[in-house]
Asks: 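Sharing a structure, written as structure tokens. Questions coming.
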Amino acid sequence: QVHLVESGGGSVQAGGSLRLSCVVSGYALSTYWAAWFRQVLGKQREGVAAIRSVGTTRYVEYTDSVKGRFTISQDKAKNTLILQMNSVKPEDTAMYYCAAGPRGRWSVLEPGEFNYWGQGTQVTVSS
């Protein structure tokens, strides 16, 4: 059985930083795409960042609003997905979810692309 468990969310002031982690069990991240999404209550889930590591080569994608501020990475030894969030803004406030197990059908920033999801961790940024 596949489990994804996020941690690291919390409350932070604008301009601050947070580091989200997602520990994956029952599924090896390996060379497959994995991603972070976020969702505000009443709005659609939005792709934030995605990563695929093949040997020493990393492929990453970011939504425009987080480019230059957020960094996605993997710790393959721990089968963990990480999102480093710097210079956060109030509009980054959302529930953040990690996702794995791509279907290979859509963009890796589309929620429908992934089979496995965590329960989410809340990030709240105050101005």
Side-chain angles (χ1 to χ4, degrees):
Q1 196 168 4
V2 180
H3 291 284
L4 287 73
V5 180
E6 302 96 336
S7 62
S11 297
V12 63
Q13 287 194 326
S17 297
L18 279 174
R19 182 179 173 92
L20 306 185
S21 295
C22 171
V23 178
V24 182
S25 59
Y27 176 87
L29 290 175
S30 188
T31 61
Y32 303 113
W33 284 99
W36 286 96
F37 289 78
R38 64 187 179 187
Q39 188 169 22
V40 175
L41 196 63
K43 294 190 177 181
Q44 288 189 331
R45 192 166 294 189
E46 172 193 29
V48 175
I51 187 170
R52 179 185 179 213
S53 297
V54 181
T56 58
T57 303
R58 291 193 318 152
Y59 302 92
V60 294
E61 292 192 22
Y62 295 97
T63 191
D64 287 345
S65 62
V66 308
K67 285 179 181 177
R69 301 188 298 120
F70 291 9
T71 302
I72 188 171
S73 61
Q74 282 180 312
D75 183 336
K76 286 194 173 182
K78 297 180 180 179
N79 212 35
T80 297
L81 190 66
I82 297 162
L83 185 68
Q84 178 65 43
M85 306 169 60
N86 296 331
S87 302
V88 295
K89 303 176 181 180
E91 51 263 44
D92 294 322
T93 295
M95 185 72 79
Y96 282 72
Y97 300 89
C98 61
R103 293 185 170 97
R105 296 179 184 175
W106 295 288
S107 161
V108 292
L109 293 182
E110 289 291 333
E113 171 62 9
F114 292 95
N115 284 301
Y116 308 121
W117 292 85
Q119 292 300 306
T121 186
Q122 177 68 37
V123 171
T124 302
V125 182
S126 58
S127 56

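Nothing fancy with the numbering, it's 1 onward along the sequence.
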Asks: Any chain of hydrophobic side-chain contacts (each under 4.5 Å) joining Val66 to Val88?
Replies: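 Yes.
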Asks: With a sphere of 6.0 Å drawn around NZ of Lys78, does it hold more than 12 non-hydrogen atoms of other residues, nucleotides or ligands?
Replies: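 At most 12 heavy atoms, drawn from other residues, nucleotides or ligands, come within 6.0 Å of this atom.
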Asks: Are Glu46 and Arg38 within salt-bridge range, i.e. N to O under 4.0 Å?
Replies: yes
Asks: Are any side-chain N or O atoms of Glu113 and backbone N or O atoms of Gly104, one a donor and one an acceptor, separated by less than 3.5 Å?
Replies: yes
Asks: Checking the side chain of Glu6 only, and the main-chain atoms of Gly120 only, is there a donor and an acceptor separated by less than 3.5 Å?
Replies: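 Answer holds: yes.
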Asks: Looking at Thr93 and Val125, would you say the former's side chain and the latter's main chain have a donor-acceptor pair under 3.5 Å?
Replies: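 Indeed, once roles are kept as given, a pair shorter than 3.5 Å links the two residues.
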Asks: Salt bridge or not for Lys89 and Asp92, using N-O below 4.0 Å?
Replies: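 Between Asp92 and Lys89 there is no salt bridge, as every charged N stays at least 4.0 Å from the carboxylate O atoms.
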Asks: So Tyr32 and Tyr27, would you call those rings parallel, tilted or perpendicular, with 30° and 60° as cut-offs?
Replies: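 If you compare the ring of Tyr32 with that of Tyr27, the planes turn out tilted.
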Asks: Measure the CZ-CD distance between Arg52 and Glu61 for me, rounded to the nearest 0.5 Å.
Replies: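 Reported value, rounded in 0.5 Å steps: 11.5 Å.
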Asks: Indicate yes or no: at least one non-hydrogen side-chain atom of Phe37 is less than 4.5 angstrom from one of Phe114.
Replies: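 A side-chain contact exists here, since the closest heavy-atom pair is under 4.5 Å.
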Asks: Looking at every heavy atom in both Leu29 and Ala100, which two are closest together, and how far apart are they?
Replies: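 Residues Leu29 and Ala100, closest heavy atoms: CD2-CB, 4.0 Å.
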Asks: If you round to the nearest 0.5 Å, how far is CD of Gln74 from CZ of Arg58?
Replies: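 Between Arg58 CZ and Gln74 CD, I get 9.0 Å after rounding to 0.5 Å.
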Asks: Within this structure, what is the CD-CD1 distance for the pair Gln84 and Ile72, rounded to the nearest 0.5 Å?
Replies: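 Interatomic distance, Gln84 CD to Ile72 CD1, rounded to 0.5 Å: 12.0 Å.
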Asks: Check whether Leu81 and Val60 end up in the same hydrophobic cluster, where Ile, Leu, Val, Met, Phe, Trp and Tyr are linked by side-chain heavy atoms less than 4.5 Å apart.
Replies: yes
Asks: Give the intermediate values and the outcome of side chain to side chain contact (heavy atoms under 4.5 Å, CB included) for residues Thr71 and Tyr62.
Replies: CA-CA 9 Å; Thr71 302; Tyr62 295 97; 3.9 Å; yes
Asks: Between atom OG of Ser73 and atom CG of Leu83, what is the distance when rounded to the nearest 0.5 Å?
Replies: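 CG of Leu83 is found 8.5 Å from OG of Ser73.
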Asks: Count I, L, V, M, F, W, Y as connected when their side-chain heavy atoms are under 4.5 Å apart, and connections chain through other members. Are Met95 and Leu4 then in the same cluster?
Replies: no
Asks: For Thr80 versus Ser21, what's the shortest heavy-atom pair and its separation?
Replies: CG2-CB, 4.2 Å
Asks: For Asn115 and Val2: C-alpha separation, side-chain torsions, deciding distance, then whether side chain to side chain contact (heavy atoms under 4.5 Å, CB included) applies.
Replies: CA-CA 10 Å; Asn115 284 301; Val2 180; over 6 Å; no
Asks: Quick one: OH on Tyr59 to OG1 on Thr31, what's the gap to the nearest 0.5 Å?
Replies: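 Rounded to the nearest 0.5 Å, the OH-OG1 separation comes out at 10.0 Å.
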Asks: Would Ile82 and Arg19 count as a side chain to side chain contact (heavy atoms under 4.5 Å, CB included) if you check the C-alpha gap in whole Å, the side-chain angles of each, and the deciding distance to 0.1 Å?
Replies: CA-CA 7 Å; Ile82 297 162; Arg19 182 179 173 92; 3.4 Å; yes
Asks: Give the minimum heavy-atom separation between Asn86 and Ser17, together with the two atoms involved.
Replies: OD1-OG, 2.9 Å
Asks: Can you classify the ring geometry of Tyr97 versus Trp117 as parallel (below 30°), tilted (30 to 60°) or perpendicular (above 60°)?
Replies: perpendicular
Asks: In terms of heavy-atom contacts, does CD of Glu91 have more than 12 from other residues, nucleotides or ligands at under 6.0 Å?
Replies: yes
Asks: Please name the pair of heavy atoms, one in Leu20 and one in Gly9, separated by the smallest distance, quoted to 0.1 Å.
Replies: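 Scanning both residues, the minimum pair turns out to be CD2-N, 3.6 Å.
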